[in-house]
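To start, the structure itself, in structure tokens.
Residues take their numbers from the sequence shown, with the count starting at 1.
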Amino acid sequence: MGALDKSLRVLVAIMIALLYYLNVVSGTLAYILMAVAIILLITSFINFCPLYTIFGINTCKRK
């Protein structure tokens, strides 16, 4: 996973968390978005995305 990909994942997760914190989203949608945010954070911290493996995507410049 490339640096830009990791940065975008963290940024999107922070934006989702802010939407939840500011009560812009609530209910079931909030829980679904927070689960997505957690998944994005975990995949960016461990540098691995299972969907990238399935679809054969590689965003890392070194190989």
Side-chain angles (χ1 to χ4, degrees):
M1 186 178 301
L4 178 63
D5 192 13
K6 290 190 292 187
S7 300
L8 288 175
R9 287 171 182 261
V10 171
L11 183 64
V12 169
I14 290 171
M15 290 172 56
I16 290 172
L18 280 174
L19 289 174
Y20 178 75
Y21 180 73
L22 297 173
N23 290 322
V24 175
V25 293
S26 61
T28 306
L29 177 62
Y31 293 123
I32 292 170
L33 288 176
M34 287 304 288
V36 169
I38 291 169
I39 291 169
L40 289 173
L41 283 176
I42 290 172
T43 57
S44 67
F45 288 137
I46 64 172
N47 296 325
F48 178 73
C49 181
L51 289 178
Y52 282 7
T53 304
I54 293 170
F55 293 117
I57 300 171
N58 184 9
T59 60
C60 187
K61 292 185 183 196
R62 342 175 231 137
K63 186 138 182 169

query = How would you list, by chain and number, every residue that makes a side chain to side chain contact (heavy atoms under 4.5 Å, CB included) with Ile14, sequence neighbours excluded?
reply = Val10, Leu18
According to a 4.5 Å side-chain heavy-atom criterion applied to Ile, Leu, Val, Met, Phe, Trp and Tyr, with indirect links allowed, do [X] and [Y] form part of one hydrophobic cluster?
X     : Y     : value
Leu40 : Leu33 : yes
Leu19 : Val12 : yes
Ile38 : Tyr31 : no
Phe48 : Tyr52 : no

message = For residues 28-47, which residue pairs pass the salt bridge (charged side-chain N to carboxylate O under 4.0 Å, His left out) check, not counting sequence neighbours?
response = none
ask   = What residue pairs, at least two apart or across chains, pass salt bridge (charged side-chain N to carboxylate O under 4.0 Å, His left out) with a residue in residues 13-27?
value = none
Output side-chain donor-acceptor pairs under 3.5 Å for residues 20-28, partner residues at least two apart or in another chain, one line each.
none

Transitive ILVMFWY cluster of [X] at side-chain heavy atoms under 4.5 Å: who else is in it?
X     : value
Leu4  : Leu8
Ile32 : none
Leu11 : Met15

request  = Mind listing the closest non-hydrogen atom pair of Ala13 and Ala37 along with its distance?
outcome  = CB-O, 3.6 Å
Residues that Thr43 engages under side chain to side chain donor-acceptor pair (under 3.5 Å), provided they are two or more places apart = Arg9
